[in-house]
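We use all heavy atoms of the structure for the numbers below, so side chains are in, but hydrogens, waters and symmetry mates are not.
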Amino acid sequence: MKLETDTKVINYIRRKIKDSRNIVAVLGIEMLVEGGGSDLDSNDETYRVEQEYGFSPEDMLSASFFNSKSERFYRFYKKEILGMEVQATPAYHALLRLQKQGKLSAVVSQNYHGLPSGISFDNVIELNGNIHINKCPHCGKDFNMRYVREAVGIPLCDICKVPVRPDIRLLGERVDTKQMTEAATVCEAADVLLLLGKNMYDDHLEYSAVSEKKQLKLLFSREEYVCDRRVDFVIKDHISIFLPLVID
C-alpha cells in the first residue's frame, strides 16, 4: 500500500524514535476504529444514531442525559458502546516493542474500551474511564460489564435498586484533575509524543508540552481538515501500517 507520508519524513521519524529514550503514546479514536470500533463522532455515525435513537451520540453520552433519561441512555450504551468488539492491531504490537526496548514511558488512553485482549502496558493512564468498571453510586458496589450488558432495561444495583453508573467520563463532566495532571506531566517529559487519533473531549494534550523542550509531536488523523502548527507532522496514513514501519 502506497503511503501518503513522504519517505524522507518517514525516515526522519524512524531516526527520532530510534534515538529517543522517552516516548508517550496517546490513544485516540483512530486506534479504536482500526481495532474494529466505531467513530460515533463521525458525520455518518452521528446521522445513523440520530435516525435510530432520536438523539446524537454527544447528547446521549452526556451526564444530563444519563441522569434524566437512564432507560434511553442504556439502550444506546449497551448496543453502541458495549457492543463494540475492539481487537489488537499491529499498532499495539509496535508499541509493545517500544516498551520492551525501554522507550515507552506511558500510554494515555482517551477511549472508554480499555486495552484489547493480550495487550498490557506498564503505565496506563485512563483519562476517560473504562467500560469494564461499573459502580453503584450509593453503596459503591462493583459490577462487571457483563452484568450491565445483560440487564433487562436499566442495570440496577441488587442492593440499592438504583441505576448502576459506568465508570466513564460523560460529556459535561470534568476530567479527573489528578489523572489530567499526570497525563500532562508525562506528555511534557516525552522526547516523542505519539498522538494516535483525535478524542471527543478536545483536551489538547498535544499542547501540554513546554515550548522550550525539543520534542517531536506526531498527530495521526485521517481527517482532511486537520492542520495544526503545534504539532510537527500530521500523519494521514493508517496507524497500524505506519507505526510498525518506524519502530524497529
Query - Side-chain touch R14/D248, heavy atoms, less than 4.5 angstrom - result: yes
Report task. Write down the atom of N123, the atom of S105, and the distance for their closest heavy-atom approach. Result -> ND2-O, 3.2 Å
Query raised in the report: Taking the side chain as C-beta and beyond, is there a heavy-atom pair between M60 and V49 under 4.5 Å?
Result: yes
Query - Derivation and outcome, side chain to side chain contact (heavy atoms under 4.5 Å, CB included), residues F73 and L170 - result: CA-CA 11 Å; F73 170 88; L170 296 173; 4.0 Å; yes
Query raised in the report: Looking only at atom types and distance, does a side-chain atom of T46 sit under 3.5 Å from a main-chain N or O of L40, one as donor and one as acceptor?
Result: yes
Query raised in the report: Which distance, rounded to the nearest 0.5 Å, do you find between the CD of Q99 and the CD of Q101?
Result: 11.0 Å
Query raised in the report: Quick one: which of R222, K198, R48 gives a salt bridge (charged side-chain N to carboxylate O under 4.0 Å, His left out) with D39?
Result: K198
Query - Pairwise distance OG1(T177) to CD(E182) - rounded to 0.5 angstrom - result: 12.5 Å
Report task. Please round to the nearest 0.5 Å and tell me the distance separating atom OH of Y74 and atom CZ of R149. Result -> 13.5 Å
**Report entry** Donor-acceptor under 3.5 Å (N111 side chain, G28 main chain)
**Finding:** yes
Report task. Please report the C-alpha distance between E34 and S240 in whole Å, then the side-chain angles of each, then the deciding distance to 0.1 Å, and finally whether the side-chain hydrogen bond (donor to acceptor under 3.5 Å, both in side chains) criterion is met. Result -> CA-CA 7 Å; E34 289 189 16; S240 293; 2.7 Å; yes
**Report entry** N/O donor-acceptor pair under 3.5 Å between E85 side chain and G36 backbone
**Finding:** no
Query - NZ/NE/NH1/NH2 to OD/OE distance under 4.0 Å, R75 and E52 - result: no
**Report entry** Option from L27, L193, V186 for which side chain to side chain contact (heavy atoms under 4.5 Å, CB included) with V108 holds
**Finding:** V186
Query raised in the report: Out of F242, Y92, F220, which one pairs with L196 under the side chain to side chain contact (heavy atoms under 4.5 Å, CB included) rule?
Result: F220
Query raised in the report: How about L32 and M84: do any of their side-chain heavy atoms sit closer than 4.5 Å?
Result: yes
Query raised in the report: Does CG in N43 sit with more than 12 non-hydrogen atoms of other residues, nucleotides or ligands closer than 6.0 Å?
Result: no
Query raised in the report: From M180 CE over to L127 CG, what is the distance, rounded to the nearest 0.5 angstrom?
Result: 6.0 Å
Query raised in the report: So, D232 side chain and K217 main chain: donor-acceptor pair closer than 3.5 Å or not?
Result: yes
Query - Polar side-chain atom of K78 near backbone of G153 as donor-acceptor pair, under 3.5 Å - result: yes
Query raised in the report: Among Q110, E173, Q179, whose side chain to side chain contact (heavy atoms under 4.5 Å, CB included) with N128 holds?
Result: Q110
Query raised in the report: If you count the non-hydrogen atoms of other residues, nucleotides and ligands that lie under 6.0 Å from CG in D6, is the total more than 12?
Result: yes
Query raised in the report: Is a donor on one side and an acceptor on the other found under 3.5 Å between the side chain of K103 and the backbone of R97?
Result: no
Requested in this report: Evaluate the side-chain proximity of Y147 to N134: yes if any heavy-atom separation is below 4.5 Å, no if none is.
Outcome: no
Report task. Output the distance between atom CD1 (I81) and atom CE (M145), rounded to the nearest 0.5 Å. Result -> 11.5 Å
Query raised in the report: Hey, what do you get for CG (L194) to CG (L216), rounding to the nearest 0.5 Å?
Result: 8.0 Å
**Report entry** Full working for side chain to side chain contact (heavy atoms under 4.5 Å, CB included) between I13 and I235
**Finding:** CA-CA 11 Å; I13 293 171; I235 307 298; 4.1 Å; yes
Query raised in the report: Pairs in or reaching into residues 54-69: which pass side chain to side chain donor-acceptor pair (under 3.5 Å), with residues at least two apart or in two chains?
Result: S56-D59, S62-S64
Report task. Check whether more than 12 heavy atoms from other residues, nucleotides or ligands sit under 6.0 Å from atom OH of Y47, and answer yes or no. Result -> no
Query raised in the report: Between R169 and D176, is the closest basic N to carboxylate O distance under 4.0 Å?
Result: no
Report summary line: Nearest heavy-atom contact between S20 and D191 is OG-CB, 3.4 Å
**Report entry** Worked check of side chain to side chain contact (heavy atoms under 4.5 Å, CB included) between E80 and Y53
**Finding:** CA-CA 11 Å; E80 304 295 344; Y53 299 94; 2.9 Å; yes
Query - Transitive ILVMFWY side-chain link I133 to Y77, under 4.5 Å - result: no
Query raised in the report: Would you say the side-chain atoms of K135 pair up with the backbone N or O of D167, donor to acceptor, closer than 3.5 Å?
Result: no
Requested in this report: Would you please test F233 and T5 for side chain to side chain contact (heavy atoms under 4.5 Å, CB included) and show each step?
Outcome: CA-CA 10 Å; F233 298 103; T5 308; over 6 Å; no
Cut-off 3.5 Å, no hydrogens considered: what does the side-chain donor-acceptor table look like for residues 154-164, sequence neighbours left out?
residue	atom	partner	partner atom	Å
D158	OD1	K141	NZ	3.0
D158	OD2	K141	NZ	2.8
K161	NZ	D158	O	3.3

Query - Closest heavy-atom pair and its distance - L243, A91 - result: CD1-O, 4.0 Å
Report summary line: Residues V24 and C187: closest non-hydrogen pair is CG1-SG, 4.2 Å
